[in-house]
Each structure stands twice: as structure tokens, then as C-alpha cells.
> 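Pasting a structure here, questions to come.
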Amino acid sequence: MSIEKERALLIFLPAEGSQPDLIARRQAEMLALADSAGLEVVDTLSQKLRGDQRQLGKGKAQEAAAYMAAADIDVAVFDRDLTPSQTRAMEKALDRKVIDRATLILDIFAQRARTREGRLQVEGAQLARLLPRLTGQGTALSRLGGGIGTRGPGETQLETDRRHIRRRLAQVQRDLKKVSAERQVQRAAREAQPHPFVVIVGYTNAGKSTFLNALTGSDIYAEDRLFATLDPTTRRVSSPLGELYFMADTVGFMEDLPPELTIAFKATLEIVKEADVLIHLFNVADEGYEDRIRVVNHFLRDLGGEGIPMLYVANQVDQLDESPYLGGLFKDEPVVALSAKTGQGFDAFWQALRPLAEKSLFAQPVRLPNSAEGARLLALAHESGEVSQLSATEAGISFYLRGDRDRLAGPFGPYIKGPEDDQD
Ligand SMILES: Nc1nc2c(ncn2[C@@H]2O[C@H](COP(=O)(O)OP(=O)(O)OP(=O)(O)O)[C@@H](O)[C@H]2O)c(=O)[nH]1
Ligand SMILES: [Mg+2]
């Protein structure tokens with residue numbers, strides 16, 4: 001079996017009037033995607049779409065077909081989503097396998113998925129994408145299902161039909177439910193401890209994993225590849241200021257992610273909703289970082305992350321000659337500049353994180369009455385928070401309580417001890 005990379009021609013079809021710098025960034029991103037998928041990009045071809053043109057023109061297609069044959073290119077990769085009929089038309093015109101942007105991204109995810117949950121989610125996305133494309137098209141099916149090489153769920157689908165895929169999809173969804181029950185157990189274990197839960201989010205390849213590694217001294221997989229991380233990893237981190245946090249790394253976002261994929265990964269990304277603080281990390285050395293921040297914020301809104309305190313982290317400042325001006329971007333939200341690689345700016349990061357994390361924290365002196373109700377609440381305090389400086393007098397049971405605000409503020413709010421009741 002050959003381990004040679006498949007040789008690819010990238011095809012860009014920018015809409016008329018697209019900004020040149022946007023096109024350039026999009027091309028760079030597509031190159032990185034192809035590279036991350038393990039393709040060897042031999043060349044790129046670009047044609048501006050005119051009027052209601054949706055597809056590579058006939059002349060251009062002939063040119064591309066001749067070139068691909070001469071240069072021994074196996075696959076044409078389009079930087080856009082193609083409908084099944086567009087894919088078939090292009091495969092015919094180019095006489096080569098055709099892959100669109102969504103298939104490419106799904107393929108990268110399929111290669112990266114390590115955990116059971118990750119694999120199930122990717123398979124679910126691939127099946128969901130395949131289903132509406134199964135319209136009894138004979139041979140086209142093998143190509144659509146295949147992705148790059150022979151990966152993906154393609155092989156079994158070759159000799160099967162829609163019903164089989166539906167059945168498999170239902171099974172995947174059932175399995176995912178089971179896995180998600182396991183995650184609930186982990187979540188309960190995390191919530192039993194009174195440390196703020198901090199979730200790092202951002203565009204793919206911004207440096208999220210590198211940053212979490214730098215904070216914890218662990219070695220989560222980080223690489224100059226898109227979608228290096230698929231599965232969230234949670235670590236306990238202690239700050240130089242003495243606080244303890246739970247911090248999680250997440251899968252990166254990207255413009256135009258296939259919708260099947262974002263639906264499939266909703267389960268994994270549930271942790272966004274559970275966060276006490278979100279760290280939105282971006283690569284400030286990247287020219288298009290403002291657009292990327294917007295893309296990520298859009299995903300966060302969809303995932304229920306709105307309203308959670310957010311700290312922006314401008315990463316990779318070591319790549320800039322001078323410190324970046326960030327004032328114009330963020331209204332009231334705090335931002336710190338740092339380098340996950342060199343460690344510069346970390347002090348400012350910890351300082352900025354503390355007040356945000358405290359918003360999620362209940363940390364108050366309380367006094368409970370000497371009654372059955374007081375005893376019940378004391379048991380609850382021990383169970384859901386951290387109790388210290390406990391003393392019992394005739395005036396009541398006093399202690400200092402620390403823990404998750406959502407859990408503690410309700411029951412203990414009425415018993416917060418004010419300065420005036422200090423005589424006990
Ligand atoms: N120069 C420089 N490179 C960095 C810095 N932080 C991360 N990198 C590099 O950026 C690349 C991507 O880093 P990752 O940590 O894998 O990025 P990520 O955000 O986790 O990416 P995904 O998991 O793919 O979403 C790696 O090659 C890192 O070495 C930094 O502060 N400075
Ligand atoms: Mg990562």
C-alpha cells in the first residue's frame with residue numbers, strides 16, 4: 001500500500017467584488033486545511049464568479065482537466081460547499097475526484113478524533129451529510145462517501161442504502177447519549193469543588209492548547225495544524241496568586257464549518273454553557289484576527305455562551321514588533337496581550353482573570369440560626385461548598401462559606417453576616 005499523499009488542485013471561486021485581502025486570507029486558510037488533511041497541494045486555480053455563475057466555467061474546467069491529467073493530480077478541492085449535482089458535474093468535467101470544503105473539514109475531524117465521543121460525533125456528522133445526498137445516484141455514491149483516500153464512513157455505505165445509514169445514524173445518536181451521561185458524572189465531580197470553571201475558546205490554531213499547556217505544564221497535543229484539538233481537556237490549574245481553577249481547552253472554530261459538524265459537536269461544546277468565565281484567545285499576529293473574533297463570537301452565541309464573563313487574550317505577541325493596540329475592539333470587555341510560547345504577559349492574565357472568576361463565586365461569612373433549618377443548611381454548606389472558621393455560639397452557627405454562586409447564593413444569601421452582627 002502506498003503512503004504517498006494524494007496530489008490536489010485547489011479551486012477558488014470568489015464572488016465578484018470580493019476584497020483581495022479577504023480572498024488572500026481565505027486561500028491561506030484553505031491551504032492550511034488541505035495540508036492538515038494530508039493532501040499535497042500541487043497548484044491553485046482561481047476564477048471570479050460573474051453574475052449568476054455558480055460553477056467553474058466550461059473553458060476553465062477543460063483547462064483544469066488537461067492540467068490535472070498532465071500534472072498527475074488526483075483530486076480537485078473546491079473552497080466552497082457543492083451540491084451533489086454540482087459535485088457530479090465537476091467530477092465529470094474534470095474526470096477526477098472532487099472534494100468540497102465541508103468534506104475536507106469533516107475528513108480532518110475524522111483523522112483527528114481520538115476519543116469514543118469524538119469518533120461518534122464525527123461519524124454522526126458524516127452520516128448526516130451523506131443522507132440527503134443519497135438520491136440513488138449509482139456510482140456517484142462511492143465518491144461522495146469516500147472523502148480523502150478511503151477514510152470516512154464511505155466503505156460500508158458503498159454497498160448499502162439509505163435505510164442502513166438511517167439505522168446507523170440512530171445508533172450513533174443513542175451511543176452519544178450514553179457518552180454524554182458519562183460527561184454528566186465528570187461535570188458533577190467538577191462542580192462538587194468550589195473552583196471556577198474557565199473554558200478557553202477561539203479560532204482554530206490560535207494557540208489554545210499551547211496556552212493551557214503553558215499554564216499547567218501538561219502536554220496536550222498542540223501543533224501548527226487546523227483542528228489539532230477535538231476533545232475538550234479539563235485540567236486543575238493553580239495561579240501564582242494562589243487561586244485554583246478548572247480550565248478546559250476546546251475544539252477550535254472556523255468560518256463556514258459544515259452545519260452537520262457543529263450540530264454533532266454541540267454535546268462536546270456544552271461546556272461553553274457551563275463555564276464561569278470564557279477565555280477568548282486569538283492570534284493577534286494574524287492579519288484577519290478581528291474577523292475571526294467575530295466568527296468565534298457568533299458560535300458562542302449559538303452555544304449559549306452569551307452573558308458569561310469573557311476575557312479576551314491576544315496571543316502570540318512575541319510575533320509582533322511592538323505591543324498591539326487593542327482598545328478599539330472591545331467595548332467594556334477586558335483584554336490582555338501575552339505569548340503562550342514565551343510566557344510574557346502571564347502576570348497580567350492572572351490579574352485580569354481573578355475579578356471575573358470571583359463573579360461566579362460565593363465567598364461570604366454566614367451565620368445560621370440554631371434550629372433544625374440551620375442544621376439542614378449547615379449540611380448543605382458542607383456538601384456544596386467549602387466551610388472554614390466554623391464556630392457555634394448562642395447567636396448561631398457562624399462560618400465562612402466559599403463555592404459556586406449559582407448553588408449557594410439562593411439558600412445562604414439571607415444568612416450573610418453583616419458587619420453589625422459581628423458580636424458573637
Ligand atoms: N510564536 C508563537 N506561536 C504560538 C504561540 N502560541 C501557539 N503557537 C503556535 O501555534 C500553533 C497552534 O497552536 P495550538 O496550541 O495547537 O492551537 P489551538 O488553538 O489549540 O488549535 P486547534 O486545537 O487546532 O484549534 C502551534 O504551532 C503553536 O506552537 C505563541 O504565543 N507564539
Ligand atoms: Mg488545540
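Numbering of ligands and ligand atoms starts at 1, following listing order. Quantities reported herein were computed from a predicted structural model and do not represent experimental measurements.
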> Which atom names give the shortest non-hydrogen contact between L356 and P334, and what distance separates them?
CD1-CG, 4.0 Å

> Compile the protein residues with any heavy atom at a distance under 4.0 Å from an atom of ligand 1; present them by chain, then by number.
T204, N205, A206, G207, K208, S209, T210, A222, E223, D224, R225, L226, F227, A228, T229, G252, N315, Q316, D318, Q319, S339, A340, K341

> Donor-acceptor pairs under 3.5 Å, side chain of residues 319-329 to any protein atom, not counting sequence neighbours: which ones?
residue, atom, partner, partner atom, Å
Q319, NE2, Q316, OE1, 2.6

> Does a side-chain heavy-atom distance below 4.5 Å link L269 with T262?
no

> Are any non-hydrogen side-chain atoms of V313 and V335 less than 4.5 angstrom apart?
no

> Anything under 3.5 Å between a donor and an acceptor, one on a side chain of residues 290-301, the other on a protein residue two or more places apart or in another chain? List them.
residue, atom, partner, partner atom, Å
D291, OD1, R294, NH2, 3.1
D291, OD2, R25, NH2, 2.6
R292, NH1, D286, OD2, 2.5
R292, NH2, E29, OE1, 2.9
N297, OD1, H280, ND1, 3.3
N297, ND2, Y312, OH, 3.0

> Going by atom type alone, with no hydrogens or angles, which donor-acceptor pairs under 3.5 Å involve a side-chain atom of residues 169-178 and a protein atom two or more places apart or on another chain?
residue, atom, partner, partner atom, Å
Q171, OE1, R174, NH2, 2.7
Q171, NE2, D175, OD1, 3.0

> At less than 2.8 Å, would any N/O/S atom of T210, backbone or side chain, sit next to the Mg ion (ligand 2)?
no

